[in-house]
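Heads up: the structure comes next, in structure tokens.
When a ligand or atom number is given, it counts from 1 through the structure's own listing order. When a residue number appears, it is its place in the shown sequence, counting from 1.
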Amino acid sequence: MNNILEQITDIVSKGFEAAGYDGSYGKVGISNRPDLCEFQCNGAMALAKQYHKAPIAIAQDIAAKLLDDNAFSTVDAVAPGFLNIKLSDDFLSKYLNGMESEDKFGVPMPESKKIIVDYGGPNVAKPLHVGHLRAAIIGESVKRICRYLGNDVIGDVHLGDWGLQMGLIITELRTRKPDLPYFDEGFTGEYPTEPPFTLSELEEIYPCASAKSKDDEQYKEAALTATRKLQSGDRGYRAIWKHIMDVSIPDLKRNYENLSVEFDWWKGESSVDDLIPGMVEDMKKQGFAYESEGALVVDVAQESDTKEIPPCMILKSDGAALYTTTDLATLRDRRSEFDPDQVIYVVDKRQEMHFIQVFRCAKKTGIVKPDTKLDFLGFGTMNGKDGKPFKTREGGVMRLETLISDIREAMYNKIIENHETDPEEARATSNIVALAAIKYGDLSNQATKDYVFDTDKFISFEGNTGPYILYTMVRIKSILSKYGNDIPKHIGFAQNELERALMLQLTGFSQVVLSAYEEIAPHKICSYIYDVCNAFNRFYHETRILAEEDKARQEGWIALLSLTLRVLETCIDLLGFSAPEKM
Ligand code: ARG
């Protein structure tokens, strides 16, 4: 089913032609003066020159033709040459009944692509902290939106599991327990299956090692050497690496599960280690990579650049791989494993330069096909109320787990305060609502912008918040369940302006979902559902739905409510959360 703007544009274009004008000027948009009309077309203005005629006269000619069409109740030609349009009841109700009956509300499916969404990007051995929240939330929503539109989509966590942090942990472990067999060069037996640390020990080891390396040159050198040794295949170090992975990954999975974030691939930087030598060889052979001050680099600057884009470094002077190297090898791996048409990276926007270099280098060296789309969705920082990056009250980095449990607790208290409920039920509900509060609080902002994480605002049941959306949905659910099991499906004509406003809001679904997909912009879905919820609540407050005695009228309303709920459910699922039954 064509979206509503396309359908109306089609009719208006025919009106242009019927009046003797070029039909390609009939493009219709949503009115920017909703007090005057619902839709508008500005095409007559653009035609004035071509037809040597005043735009208002052209608009009048077209309006006269369009009034014959039963899609519209009014078409006004307004100075200097606007066409102001209001839909007929018949057209509006038909469109909504089309949404009601068609799969996915009739969204026209774009051409199906193979897409990889690279998000998450946690570094193993470091607990997830609030800095990882945005990647997880935005990436999950982007993945779901791509999938909804019929694409074949893989979500890859792309673990940071191969860099210096591994060398740091190994070095610290060696300092603490030098007698472990992993450090015995002559050891040829089987290494223990039990890891030499617990998760909480591991979480303490990393920051300790990282701090030491900052003011101890020798320690840092040792960590770099350990990293290199690990990467070049030292048996004992690989065994420690495996322990780190085995201890960290279940914890990461648990954390992501709490956020309803799920990855198809748990690959990481380490997964492509064995692809690096071949890739580097190819780059040299093809003449792309050359030596510069000992390092191996590929030029990626372009003439049109307005700022300097330094060469992409492939190997350091000591031969070690870098972040760029693993990302390039990962693209190679992805091509052979899945052959994607598009790869979307959801990563902190401060990494923009890295991705410019990686993308250009991948294209130039043929690691990706010329038409593979590489997108960087760089997100802004999550700040505290003071406008500075979000911290604990003590000024430290807040663990993601702590943040989630704090919001759950705050939500629980709010729910218990609001009305008497069974504590266990209140717990379950508050976990669901807390997730919506966090995710909506993030996603309702344009991803590239910084935003302030304001707990009190996010958990509020009023305003542009996740709990407000859920509260509205629960309200609809409650009306529907009181109405009974047999939910009518036919949406009739609007009975009043508030009902009409809700109907018009709902018609925007296709456009919104498609533009959220094309522009990689989940926030568009947030503002759509906020508008839908506002329109619903205004209608609800003025309408006694369950007490209505005119059955036909009531059935139309119930059908409209049921469609509203389904649309909202679909949208919040695309955002990555769900609604409780009660709250
Ligand atoms: N681990 C990286 C970091 O913490 C993020 C990884 C993002 N994905 C990628 N393909 N580079 O900065």
Side-chain angles (χ1 to χ4, degrees), residues 115-140 142-143 153-169 203 206-207 210 227 231 241 244-245 248-249 251-252 255-256 261 263-273 275-276 279 312-314 321-335 337-338 340 342-363 367-368 372-382 389-390 397-400 447-448 520:
I115 303 176
I116 293 180
V117 186
D118 178 317
Y119 67 109
N123 297 317
V124 293
K126 296 188 209 170
L128 283 180
H129 58 81
V130 294
H132 295 111
L133 188 64
R134 298 211 73 190
I137 292 178
I138 300 167
E140 179 70 21
V142 168
K143 182 190 74 183
V153 190
I154 296 276
D156 184 5
V157 69
H158 198 73
L159 298 170
D161 58 358
W162 209 228
L164 182 60
Q165 85 265 28
M166 294 310 202
L168 283 165
I169 293 166
E203 286 177 350
Y206 174 72
S210 168
T227 311
Q231 294 185 353
W241 176 83
I244 300 175
M245 298 295 276
S248 294
I249 289 180
D251 181 58
L252 288 174
N255 269 286
Y256 281 122
V261 168
F263 297 98
D264 306 285
W265 284 359
W266 278 81
K267 294 195 172 208
E269 295 168 356
S270 69
S271 320
V272 296
D273 183 52
L275 296 180
I276 293 175
M279 179 182 80
C312 181
M313 226 206 263
I314 309 295
L322 299 114
Y323 188 35
T324 37
T325 327
T326 51
D327 261 327
L328 287 164
T330 300
L331 277 170
R332 204 177 222 212
D333 179 48
R334 287 173 177 166
R335 183 169 176 182
E337 291 284 312
F338 187 65
Q342 184 178 13
V343 185
I344 303 172
Y345 294 81
V346 183
V347 185
D348 191 310
K349 73 177 172 197
R350 286 169 291 192
Q351 294 192 19
E352 186 180 11
M353 183 55 91
H354 166 78
F355 284 100
I356 292 178
Q357 293 176 309
V358 168
F359 292 177
R360 287 187 181 184
C361 186
K363 284 259 151 100
I367 288 176
V368 298
T372 305
K373 214 165 163 274
L374 299 174
D375 283 299
F376 173 60
L377 178 59
F379 53 79
T381 309
M382 170 176 146
F390 195 88
V397 176
M398 188 182 269
R399 291 177 67 139
L400 193 51
T448 48
I520 322 182

Checklist outcome for this item: Close residues (non-hydrogen atom under 4.0 angstrom from ligand 1) work out to Asp118, Gly121, Asn123, His158, Tyr323, Asp327, Tyr345, Val347, Gln351, Phe355

Checklist entry - Is there side-chain contact between Cys361 and Ile314, with at least one heavy-atom pair below 4.5 Å? => result yes

Item to check | ring-ring contact (aromatic ring centres under 6.0 Å, His included) against Phe379, all qualifying residues, sequence neighbours excluded | outcome: none

Item to check | salt_bridge(Lys349, Glu352) N-O dist < 4.0 Å | outcome: no

Checklist outcome for this item: When Thr330, Asp333, Asp156 are each screened for side-chain hydrogen bond (donor to acceptor under 3.5 Å, both in side chains) with Lys267, the one that passes is Asp333

Checklist entry - Is the ring centre of Phe359 less than 6.0 Å from the ring centre of Phe376? => result no

Checklist entry - Just checking, any donor-acceptor pair under 3.5 angstrom between side chains of Asp327 and His354? => result yes

